[in-house]
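As structure tokens, the structure follows; a few thoughts come after it.
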Amino acid sequence: MSRRQRAQAGRLVQYAILAVAVVVIALVADWTTLRTQFFNSQILPSLFPELITTALKNTILYTACAFAFGLALGLVLALMRLSSIGPYRWISTTFVEFFRGVPALIVFIGFYYGLPVAFPGRVLPGGTLGVVTVALGLVGAAYMAETIRAGIQAVPKGQMEAARSLGMTHSRAMISIVVPQAFRIILPPLTNELILLTKDSSLVYVVGLGLADSELTDFGRRNLSQYVNLTPLFAAALCYLLITVPLSIVVRRMEARSEKAR
Amino acid sequence: MSAPIPDPSVPAIDVQDLHKYFGENQVLRGIDFHVDAGSVVCVIGPSGSGKSTLLRCVNRLEEPTSGKIFVEGVEVTDPDVNLDELRSRIGMVFQSFNLFPHLTVLNNLTIAQQKVKKRSKDEAVEVARRTLEKVGLAHREDAYPAHLSGGQQQRIAIARALSMSPDLMLFDEPTSALDPELVGDVLDVMRNLASEGMTMMVVTHEMGFAREVGDNLVFMDGGVIVEEGDPAEVLGNPQHERTQSFLSKVL
């Protein structure tokens with residue numbers, strides 16, 4: 001066999017393995033049960049409209065608030081990390097290492113049970129939304145701080161020099177020249193962070209949600225036990241994809257565009 | 001925009017016994033140097049001679065290790081000096097242009113006018129348009145830097161510095177990053193600027209420009225000024241052996 005024939009044969013074998021695997025799975029799986037368990041047409045309609053109006057809405061709301069809070073805090077932490085003042089750097093580093101190194105679930109539990117102990121008689125404003133915003137925001141901030149710091153350092157040194165040579169102060173140059181360019185560079189990783197936060201917002205279930213505060217995962221679990229059927233959970237999963245898939249398409253587009261610009 | 005009226009009694013730039021170390025490495029070894037108001041001084045020399053470092057010390061983009069620098073009689077090296085105000089009067093042009101890529105040409109020219117000089121938006125735009133006219137790029141005010149050629153970018157960078165109405169201009173190898181056919185346009189702009197009486201310190205490899213436009217030529221090597229004087233004299237009849245050997249390689 002020539003080299004080219006061998007390559008062709010190799011490819012043929014790979015396709016054959018794939019085909020066999022698909023056929024075997026299709027034959028072995030119990031399709032009827034699968035459909036009634038995961039895509040039950042009697043249960044599915046009863047999930048509406050709450051699936052969208054409460055669960056999806058809350059997931060988006062929690063994620064958006066946590067992301068906004070995390071982004072703002074992350075920017076502050078990144079600037080602290082790059083500060084010439086030692087204690088600012090240490091605080092930022094410690095914060096980032098702590099919240100990156102600890103499971104988000106523990107942060108949620110810690111917040112929910114720890115805060116009332118630490119500050120007796122005081123509650124975080126905003127109820128569930130307040131807890132999610134802060135707990136999830138802190139975790140997000142730790143990751144985003146590192147991304148933003150890398151972005152700021154990726155802006156060529158000449159930009160700061162040009163700004164300073166025009167008489168701008170260091171902070172003015174940061175705000176008007178360096179940070180806007182840094183954000184353009186890190187838009188793809190920041191969007192990835194948004195995807196991660198969307199999924200992590202499900203961890204809020206540990207604080208025990210009222211019906212009106214229920215988000216996708218909690219909603220799915222609730223109805224799972226009510227109907228003793230996986231359809232609600234499957235529907236919730238699809239709703240997550242409704243958010244995350246468009247976002248990852250956006251990321252891929254942005255990456256392709258910045259690739260071209262280079 | 002007319003260039004400021006030079007006061008001949010105070011040198012625009014006065015450098016006294018300047019030393020500069022990068023770590024262990026001594027880059028400037030006692031430089032005494034001055035630029036008279038309204039004159040054009042070109043600094044030439046092999047790479048690593050310290051000429052760019054000298055220029056960057058003048059607006060303290062580099063921190064001098066020791067020595068004194070005065071700009072229009074104000075001590076730049078004084079720790080209490082208002083450096084931002086001083087820098088706003090010293091235009092600087094970089095080898096790599098350093099335009100702000102996220103801003104349009106017009107905004108590149110107006111941002112520092114508004115944020116530093118506190119000019120109104122209307123005034124800043126008017127000044128910007130006038131300087132763009134001067135560098136022959138008035139029609140590109142809405143473009144982003146990435147859409148311009150290197151030569152155009154450098155002319156915009158000159159316009160950006162000029163729109164701050166500086167008293168003097170520093171040029172750090174302004175044509176070294178350009179394709180040969182684009183160098184001429186940039187040199188034309190600089191030539192016009194010189195003929196208007198702008199005080200200029202130009203680190204360059206363009207010997208033709210130095211000969212034609214320069215009032216004074218400084219040759220640096222190994223962190224010291226080896227030779228200086230009338231450009232035609234230094235280029236045509238170099239006295240020092242190191243100058244001769246450098247010129248024989250570049251001319």
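Lettering follows sequence order; numbering is per chain, from 1.
For B:Arg89, no part lies near chain A; criterion is any non-hydrogen pair under 4.5 Å. B:Leu99 touches chain A through its backbone: at least one of N, CA, C or O sits under 4.5 Å from a heavy atom, while the side chain does not. With a 4.5 angstrom heavy-atom cutoff, B:Leu61 touches chain A only via side-chain atoms. Only the side chain of B:Phe94 comes within contact range of chain A, judged by heavy atoms closer than 4.5 Å. Contacts of A:Ala163 with chain B are made by both backbone and side-chain atoms, with heavy-atom separations under 4.5 Å.
Remark: B:Lys20 NZ is packed, more than 12 non-hydrogen atoms of other residues, nucleotides or ligands lying under 6.0 Å away. Applying the 6.0 Å contact sphere to OH of B:Tyr21 captures no more than 12 heavy atoms from other residues, nucleotides or ligands. The number of heavy-atom neighbours closer than 6.0 Å to CZ of A:Arg100, taken from other residues, nucleotides and ligands shown, is above 12. Within a 6.0 Å radius of OH in A:Tyr88, other residues, nucleotides and ligands contribute 12 heavy atoms or fewer. Taking a 6.0 Å sphere around CD of B:Glu85, one finds it holds more than 12 heavy atoms contributed by other residues, nucleotides or ligands.
Once rounded to the nearest 0.5 Å, the distance linking CD1 of B:Ile111 with CZ of A:Arg172 reads 7.0 Å. To the nearest 0.5 Å, atom CZ of residue B:Arg87 and atom CZ of residue A:Arg164 are 5.0 Å apart. Between B:Asn98 atom CG and A:Lys157 atom NZ the span is 10.0 Å, to the nearest 0.5 Å.
Proximity of A:Leu166 to B:Gln113: side-chain heavy atoms (C-beta onward) are nowhere separated by under 4.5 Å.
B:Arg160 and A:Ala162 make their closest contact through NH2-CB, 3.5 Å (heavy atoms, listed as atom of the first residue, atom of the second, distance). Closest approach of A:Pro180 to B:His102, counting heavy atoms only: CB-CD2, 3.7 Å. In plain terms, the two heavy atoms of B:Leu103 and A:Ile177 that are nearest each other are CD1-CD1, 4.4 Å.
Contact tally against chain A (heavy-atom pairs below 4.5 Å) for B:Gly91, B:Ser96, B:Pro101: the top residue is B:Pro101.
Under a 3.5 Å cut-off, the side chain of B:Asn59 and the backbone N or O of A:Ser165 do not form any donor-acceptor pair.
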